[in-house]
Amino acid sequence: MTRLTFHLIPHTHWDREWYLPHGALLARFVPAMDELVERLESGDPPTFLLDGQTVLIEDYLRVRPEQEDRLAALVGAGRLQVGPWYVLADEQIPSGEALIRNLQLGARDADRLGGGLGALYSPDAFGHPPALPTLAREFGLRVGALWRGYGGSVDAGPGLDLFRWRGPDGGEVTVYHLPPEGYEVGAALPAEAGALRRAWPSVRERLVRRAATSHVGLFVGADHHRVHASLAALQEGLQRLEPGHVVRISSLTEFLGAAAEEGRSAPIVTGELRWSYGYTWTLQGVHATRASQKRENSDLELLLERVGEPLAALAWAHGGSDRRPLLRHTWRTLVRNQFHDTLGGCCSDEVAGAAEQRAVEVRAMGREIARGAWDELTGHDPDLARDRPETTAARLWLWNAVPRPRRGVVVADLTFFVADVPVGPPAGRPARRGPGAPPFGLRAADGTAVPLQVLHRSRAGERVDATRHYPDYDEVEVVRVALEVPRLDGFGMTELRLGPPSASPPADGVAPIRGGGLSNGLVEVGVARDGTLTLREAETGGAFRGLLALESEADLGDTYTFSPGVGRRARGAASQVVRRVTASGPLVGAVEADWSLIAGDAVQGEGPGSVSAGLRVILHRGSPIVRCVLALDNQARNHRLRLRFPLGLHGSAAVAGTAFGRVTRPPLGPLEPALHETPVAAAPAHRFVAVAGGAGARGLAVLAPGFFEYELTASGDLLVTVLRAVGALSLGDLPTRPGHAGWPTPTPGAQSLGADRVLLA
């Protein structure tokens, strides 16, 4: 008989915020940490795993800064294991860069205290991207422990607790797969001998039957649990029940190291880990819950990754200020919003509200970082402009925010002074007035006229800030223009100046076509009478019809799980679609349409609710991309709203973007319930999903600024989720998932009522 070693791994899983706001859980965490520090210093327990995220240490030291030296001593001695993450993030929704920053912040915090965990620990995420092993190895993490996302009916493998997860680059991480009960499998084991004798056999059987090596992990801890009251007694009691084996209290890295050394021939797994149906709950409904917050998160990631940080780096390289500390602080604030329950949307409304406020702060900091760097790069001094306005002149600066050369059409808002708006007590200074926007054109530095199209004029207020003056607030005329930019190198900049009106614009641009549509010589697009799009490629004549069909279906689920109603589906417009061409070229063409849709349940009283939709379809000269802006006003509860793209590409697979790459997923047919949870056909995507195939190699790509959820049906239709409107954190009687996934809590904010905007192309 193989001599087994049972490793008791004391830990806690501490959701920083979840069904309760951060403040409530922090008030419980601080005394729990006080007890833990005392216990660790006394040697009982000899080691403890603090949930794989350093944000908990950060929170604790804000309240108890005098404890830092004691914590550092425990971390340095390996008694308290912290990191590798800053927060236990949702790993499917954040960008790849955000996952890197999360691990960087965790490593920085852990190193300051004496060293990090040294293992990829992700006990509660709702799936894992295929590049995570590669990312882990770049941070020196060669072993790990995961739970959800693996072990289901599709990729069950041999059913052992150890596997080697291979990344796209060939690098591997040896992973311990937590049992179906997850990280709390041993939390309820009592120290009292009689009770332990009764409880242990079933736990032992579940662990040993999956053991790939002689090392058996027994995690002792659970959500928001303090350290086990009698770990030494529990160890002694188990040793008496296992006289032929070894029972010890181990750190996570001790256990994983021993298991990995013995399990070098463990099976190899590749790709994403997103399917654990038949093993444990997978809870993929979170990918569309509070969808507007997910879109906001993607927008903020782009603000930092593609605007703020590159501009700050360029400014610093040219002798400007060092904004790295401020960028680190901004990233830290954003990553706090990526905690798996927070970004997943399976949280209380109070937690979602706190995340919204953090998002406001990130946007403000990101914009200020970009503005300051931009001023330095362009040589603009706001104080000099106020002191000596005669030395300034109006300029339009353009910057290519990607490292490859680009050219094409840009839309910009130009502001022209109309009048001072005095602020403060009257001081006798007469308010200046100006003429607004004169007829104008734009010229490059060499005097070449830049093709220009005026799209819209309006009046607005504009505040100009300076470091040594009060803000200057003016009434301005805003002129929205489209201009055709010549080739601009990667990260390159160019300056355009005002001049007389330009010569005649190009004749081969965007033009209206019969039926209220648009054509630019590459594609033709039109809005049909039901609000859907018709798209035709000029070169091949290939066409798609009925694109962007807005559909609502009943969603009787909760923040974790979609649960369809019966006979509650609505398609197409419930009111007359009003269509109009609002721009007809030559650089930009636009068609708009407005309608309403019967959807879900009424916000107040009985009967159905409704969704108002406004669609703007935009075509640029020289580009095959059809840009779509969908403005929504959701006045319906308990429904899922999706956009259907009826492609008819039967049997084709979808290629979807992920963090650091892409993944190919086949369409899924009818799915049967597994272990009290019905599998879902919807899947996560970053930036794009594309489907191609069929006669003539037809295909279509749907592009988005960041994360979204999609589904590819067996018939070849593509659906993109706009929102899920649900009113409970967790329900216990869903046909798609009987049993509560979280504590029952009303979430009226998750009904996603009100205005929203979705960008697609």
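- Of all non-hydrogen atoms in Ala682 and Glu711, the two that sit nearest each other are CA-CB, 4.1 Å.
- No donor-acceptor distance shorter than 3.5 angstrom exists from the side chain of Ser563 to the backbone of Asp558, with no hydrogens or angles considered.
- A salt bridge does not link Arg724 to Glu709: none of the charged side-chain nitrogens sits closer than 4.0 Å to a carboxylate oxygen.
- Pairing each heavy atom of Arg306 with each of Ala401, the nearest pair is O-CB, 3.5 Å.
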TODO: Begin with the C-alpha distance, continue with both residues' side-chain angles, and end with the deciding distance and a verdict on side chain to side chain contact (heavy atoms under 4.5 Å, CB included) for Leu734 and Leu556.
DONE: CA-CA 8 Å; Leu734 300 178; Leu556 307 183; 5.6 Å; no

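- Formation of a donor-acceptor pair under 3.5 Å by the His686 side chain with backbone atoms of Gln92 is found in this model.
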- [ ] Just do the salt bridge (Lys or Arg N to Asp or Glu O under 4.0 Å) check on Arg616 and Glu592 with the steps written out, would you?
- [x] CA-CA 4 Å; Arg616 187 190 313 132; Glu592 296 185 358; 3.3 Å; yes

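- A donor-acceptor distance shorter than 3.5 angstrom exists from the side chain of Glu301 to the backbone of Ser95, with no hydrogens or angles considered.
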- [ ] Starting from the C-alpha separation in whole Å, work towards a yes-or-no answer on side chain to side chain contact (heavy atoms under 4.5 Å, CB included) for Gln453 and Val409.
- [x] CA-CA 10 Å; Gln453 176 187 345; Val409 174; over 6 Å; no

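- Here Glu551 does not pair with Arg642 in a salt bridge; the nearest charged N to carboxylate O distance is not below 4.0 Å.
- Looking at Gln293, its side chain never comes within 3.5 Å of a backbone N or O of Gly345 through a donor-acceptor pair.
- The aromatic rings of Phe126 and Tyr560 stand perpendicular to each other, their planes meeting at an angle above 60°, with 30° marking the opposite boundary.
- Looking only at distances, no side-chain donor or acceptor of Arg644 sits under 3.5 Å from a matching main-chain atom of Gly546.
- Using a 4.5 Å heavy-atom threshold, the side chains of Val702 and Tyr710 count as separate.
- Side chain of Ser752 to main chain of Ala725: no donor-acceptor pair is present (N/O by atom type, distance under 3.5 Å, no hydrogens or angles).
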